[in-house]
Amino acid sequence: MNSYKIALIKGDGIGPEIIEEAVKVLDAVAACEGFDLEYTELLMGGSAYDITGDPLPDETIEVSMNSDAVLFGAIGGEKWDKLPREKRPESGLLRFRKALGVYSNLRPAIVYDELINASSLKPEIVKGVDLMVVRELIGGIYFGEPKGREGDRAFNTMVYTRDEVVRIAHSAFKIAMERSRRVVSIDKANVLDVSQLWREVVEEVALEYPEVMLTHMYVDNAAMQLIRNPKQFDVMLTGNIFGDILSDEASMLSGSIGLLPSASVGNKIGVYEPIHGSAPDIAGQGIANPIATISSASMMLRYAFGEVVAADRIDNAIKQALAEGYRTKDISQFDAVELCSTNEMGSIIANYAAKCKR
Ligand code: NAD
């Protein structure tokens, strides 16, 4: 029997609630498909700081490195916002990604037909949207030096090296080869030197993928085009901060940030996590949408473990739950629906996943 070791990081806010549902669904498909999942719970974020004084204890890195994959909820919250930067939950997450070398963050944005009315855009604009943001994750302005604050002056630095751009560009082109072979590289090359290097290097890498059509777009235009005509996009290749912002924007095409998964890969161990944060405004109320995390768990089965049938079971179960009219609060506004809690949505999907045909 195949057995996989999962480092489980619940984090803060809604993190524990959504991870619990993902585990429920994972256990259901593992039982059906006959493989074993071994979870090790690890601390990160504000909850880790409260217990250990560090938002990223060494044990979390060590055990994660010795696992087959990391399933991650979310970190952060107002309670920890006033701490010195290195003690803040977000610093822990950035250090974690750097330590694992997960430089490529894959963020699919798919509009489910069943949720066509949940988007704030017109159905004819969003129907059929299926795009992938490939975001560089461990470079750029979130990591660049120097950074700091000197009284009333504060600064961060956007830095990219050739090697960093080369590897993320390869990641995007490889994914494009499995999709419709179109890459739009997003930058601000009309203003930023770092974007001029980015563009130059992406064009060089593109020569190795003659079947892929590469175009460039300024980030401000991309923000507008995503709303105007999102179907023009297939793979969007971006730096760290541009991808952070554009993928949140893309999430609204689908109706809610609570729907979209992500995979952060690059080195040996991948991190699978929803694109949203810890949503402190709804934590503990049982209304968070667990679908983004359940879908991230499906990406983990597919990409980290090669358990494609089990992943298909989960993806089909999510579609079935939505088709049957089950909705958490965030996606309930526009349809006649069966409103359900975080816990109920997890159980419904687990149930369907266990019954779904292979
Ligand atoms: P957020 O993504 O947590 O929330 C934005 C909005 O979306 C909120 O109104 C929230 O209620 C809603 N939302 C998010 N996830 C949802 C879900 N699953 N179901 C229903 N609604 C959902 O972003 P924010 O409010 O800007 O940040 C809150 C905290 O999360 C901050 O401390 C921030 O630093 C942190 N954060 C963490 C991550 C991460 O862990 N990867 C990512 C982004 C933000």
Side-chain angles (χ1 to χ4, degrees), residues 8-22 25 42-50 55-56 60 70-83 85 87-98 100 102 105-107 109 115 118 120 133 135 137-138 142 240-241 243-252 254-264 270-297 318 321-322 326-333 339-346 349:
L8 202 62
I9 302 176
K10 295 180 175 174
D12 310 319
I14 61 171
E17 302 168 47
I18 52 179
I19 286 285
E20 198 172 309
E21 301 316 310
V25 176
L42 299 165
L43 293 172
M44 202 204 295
S47 44
Y49 173 79
D50 287 347
L56 180 63
T60 298
V70 179
L71 184 63
F72 176 72
I75 48 89
E78 218 175 302
K79 180 180 169 194
W80 304 284
D81 278 352
K82 296 263 151 43
L83 289 171
R85 186 185 24 217
K87 298 286 182 195
R88 291 187 51 180
E90 292 78 6
S91 295
L93 178 58
L94 294 186
R95 271 198 285 139
F96 184 68
R97 288 171 174 166
K98 194 93 180 172
L100 265 64
V102 286
N105 184 221
L106 313 180
R107 296 185 161 204
L115 284 182
S120 50
V133 179
R135 167 190 169 198
L137 198 59
I138 56 175
Y142 295 162
N240 204 340
I241 190 169
D244 194 1
I245 297 165
L246 290 178
S247 55
D248 267 30
E249 187 187 346
S251 77
M252 278 319 291
S254 73
S256 169
I257 198 167
L259 291 166
L260 296 184
S262 82
S264 302
V271 182
Y272 297 82
E273 57 177 306
I275 75 158
H276 58 73
S278 58
D281 53 331
I282 57 166
Q285 298 177 31
I287 58 172
N289 191 339
I291 291 181
T293 315
I294 293 171
S295 193
S296 304
I318 292 172
L322 295 174
Y326 293 107
R327 302 281 188 274
T328 41
K329 193 169 172 224
D330 55 313
I331 47 173
S332 66
Q333 303 92 313
L339 196 60
C340 51
S341 66
T342 309
N343 183 281
E344 286 162 345
M345 183 60 105
I349 293 171

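We count ligands from 1, going down the list as the structure has it; atoms in each ligand are counted the same way.
By the definition of a contact as any protein heavy atom under 4.0 Å away, atom 1 (P) of ligand 1 is in contact. Protein heavy atoms are absent from the space less than 4.0 angstrom from atom 26 (O) of ligand 1. Distance check on atom 6 (C) of ligand 1: every protein heavy atom falls at or beyond the 4.0 Å cut-off.
Looking at Asn289 next to ligand 1, an N or O pair under 3.5 Å apart turns up. The shortest N/O to N/O separation between Gly277 and ligand 1 falls below 3.5 Å. For a threshold of 3.5 Å applied to N or O pairs, the pair formed by Phe72 and ligand 1 contains no separation below that value. Residue contacts with ligand 1: Ile287 is placed with no nitrogen or oxygen under 3.5 Å of a nitrogen or oxygen of the ligand (distance criterion only).
With Pro89 as the partner, the side chain to side chain contact (heavy atoms under 4.5 Å, CB included) test is satisfied by one option alone out of Asp81, Leu56, Ile75: Ile75.
Those atoms of ligand 1 that come under 4.0 Å of a heavy atom in Glu90, given as number and element, are 31 (C), 32 (O), 33 (C), 34 (O).
Residue pairs meeting the side chain to side chain donor-acceptor pair (under 3.5 Å) criterion with at least one partner in residues 274-284, sequence neighbours excluded, do not occur; the list is empty.
The protein heavy-atom contact nearest to atom 21 (N) of ligand 1 is Ile282 CD1, 3.6 Å.
Of the heavy atoms in Pro280, only side-chain atoms (C-beta onward) come closer than 4.0 Å to ligand 1.
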Could you give the side-chain donor-acceptor pairs of residues 13-22 under 3.5 Å, partners two or more places apart or in another chain?
residue, atom, partner, partner atom, Å
Glu17, OE2, Gly284, N, 2.6
Glu21, OE1, Lys24, NZ, 2.7

